[in-house]
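Numbers here simply count residues along the sequence, with the first being 1.
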Amino acid sequence: MPRALIVEDEPLLRAELTDQLRVLWPELQIAGQAENGIDAVAGIDALKPDIVFLDIQMPGLNGMEVARHIPESCQVVFVTAYADYALAAFDAGASDYLVKPLTTARLLQTIRRLKSRVVASPPPAVWEKLFEQERAPVYLKWIKASSGNTVRLVMVSEVLYFQSDEKYTRVVTENGDALIRLPLKSLLEQLDPQLFAQIHRSAIVNLQAVDRIERSEQGGRGGAGLEVILKGRAERLTVSEAYTRQFRQM
């Protein structure tokens, strides 16, 4: 069984990559994890992994510096938020690279490449299962949002609603507001439709955060006389006429 070391300084991303690898490549043994470059070098020396999933931007030593300590027999997959690092990654001897946020389809491509190098090809039945998983939709689990000069890592399940705010989209949680540079239309395509619903051309609501739907006293232009009341919140979100049908039975 091949052994892997996962090096990532963001705990949620580290957990997400670990979980996806366990599902998509159950034969792979996750030998260890590291959250910075110094621990990564120590883990490589101690664990002798066959594969290292290596974040590029980390405290202590960055991924490129850590790569110098990895033996040639070990496969290296760089993980980065910037696609521009791809060329540098291959120059450093990488087997592949992954761009955040990770997708199942792209991770499967990487797994195929790694398997061709470190293990024999799996039987057809295994490949069929992987292809089925690849076709299944993958929805956002977390987003990076700005709050003043701070960048927050927000779990999508904790978002109460998204709202257009000029060039940005406002992300509202119980712990406060933040902004992302992603149009509402593009965002909706990446959200689980079982959990999120668009209620207005400028608003998407988390259905689990909805307490009730009420008729408003005045619909206003483009309104349909319905409002969403969230659990434990004072604001009332207008449901526009185009989106009223899905709420009529609530």
Side-chain angles (χ1 to χ4, degrees), residues 1-83 85-86 88-134 136 138 140-142 144 153 155:
M1 287 173 47
R3 292 157 49 83
L5 174 67
I6 296 177
V7 184
E8 169 61 60
D9 66 332
E10 295 185 19
L12 290 177
L13 287 177
R14 195 164 64 243
E16 180 184 4
L17 178 56
T18 300
D19 291 342
Q20 288 202 49
L21 286 171
R22 284 172 175 161
V23 171
L24 300 176
W25 194 356
E27 300 83 9
L28 179 67
Q29 180 183 352
I30 308 299
Q33 300 181 11
E35 62 182 14
N36 58 63
I38 295 174
D39 289 345
V41 172
I44 291 165
D45 291 339
L47 300 173
K48 304 293 188 298
D50 303 295
I51 304 165
V52 177
F53 290 87
L54 183 58
D55 188 15
I56 290 182
Q57 293 184 308
M58 295 183 297
L61 299 173
N62 64 38
M64 295 300 181
E65 294 170 324
V66 172
R68 301 191 187 109
H69 298 269
I70 299 178
E72 293 184 2
S73 60
C74 182
Q75 306 296 318
V76 179
V77 178
F78 282 109
V79 183
T80 176
Y82 305 97
Y85 279 121
F90 283 116
D91 286 343
S95 300
D96 204 349
Y97 73 98
L98 295 167
V99 177
K100 306 172 186 177
L102 305 179
T103 66
T104 301
R106 185 65 184 86
L107 185 55
L108 278 170
Q109 290 180 356
T110 296
I111 290 173
R112 294 188 189 110
R113 291 173 182 172
L114 292 171
K115 283 188 173 184
S116 69
R117 291 174 170 86
V118 299
V119 296
S121 298
V126 174
W127 283 121
E128 290 174 5
K129 183 178 181 180
L130 292 180
F131 284 132
E132 288 177 2
Q133 292 170 331
E134 183 175 0
V138 178
L140 280 178
K141 293 183 178 180
W142 59 270
K144 284 185 177 180
L153 193 63
M155 292 297 296

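Distance CE/Met64 to CE/Met58: 10.5 Å, rounded to 0.5 Å. Of the inter-residue distances, the one linking Glu10 atom CD with Gln57 atom CD reads 9.5 Å to the nearest 0.5 angstrom. With rounding to the nearest 0.5 Å, the separation of NZ in Lys141 from CG in Leu13 is 11.0 Å.
No side-chain heavy atom of Leu102 sits under 4.5 Å from any side-chain heavy atom of Leu107. Two residues are said to be in side-chain contact when any heavy atoms from C-beta on lie closer than 4.5 Å; Arg106 and Val99 fail this criterion. The shortest distance between side-chain heavy atoms of Leu114 and Trp25 falls below 4.5 Å. Within the 4.5 Å cutoff, no side-chain heavy atoms of Thr80 are placed close to those of Lys100.
Residues Thr104 and Gln20 share a closest heavy-atom pair of OG1-OE1, 3.5 Å. In terms of heavy atoms, Thr110 sits closest to Tyr97 at OG1-O, 4.4 Å. The minimum heavy-atom distance linking His69 with Glu65 is given by the pair CD2-O, 3.3 Å. Phe78 approaches Ala67 most closely through the heavy-atom pair CZ-CB, 3.8 Å. Scanning all heavy atoms of the two residues, the minimum distance from Asn36 to Ile38 falls at OD1-N, 3.2 Å. Considering every non-hydrogen atom in both Asp50 and Pro2, the closest pair reads OD2-CA, 3.3 Å.
Arg14 has no carboxylate O lying under 4.0 Å from a charged side-chain N of Asp55, or vice versa, which leaves the two without a salt bridge.
The side-chain contact (heavy atoms from CB on, under 4.5 Å) test applied to Asp45 returns Val41, not counting sequence neighbours. Applying the side-chain contact (heavy atoms from CB on, under 4.5 Å) test to Leu47 and every residue at least two apart in sequence or in another chain returns Arg3, Leu5, Ala31, Pro49.
Partner Asp96 forms a salt bridge (charged side-chain N to carboxylate O under 4.0 Å, His left out) with one of Arg113, Arg112, Arg117 and no other, that one being Arg113.
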Are Leu17 and Glu8 close enough, and set up right, to give a side-chain contact (heavy atoms from CB on, under 4.5 Å), and what steps lead you there?
-> CA-CA 9 Å; Leu17 178 56; Glu8 169 61 60; 6.0 Å; no

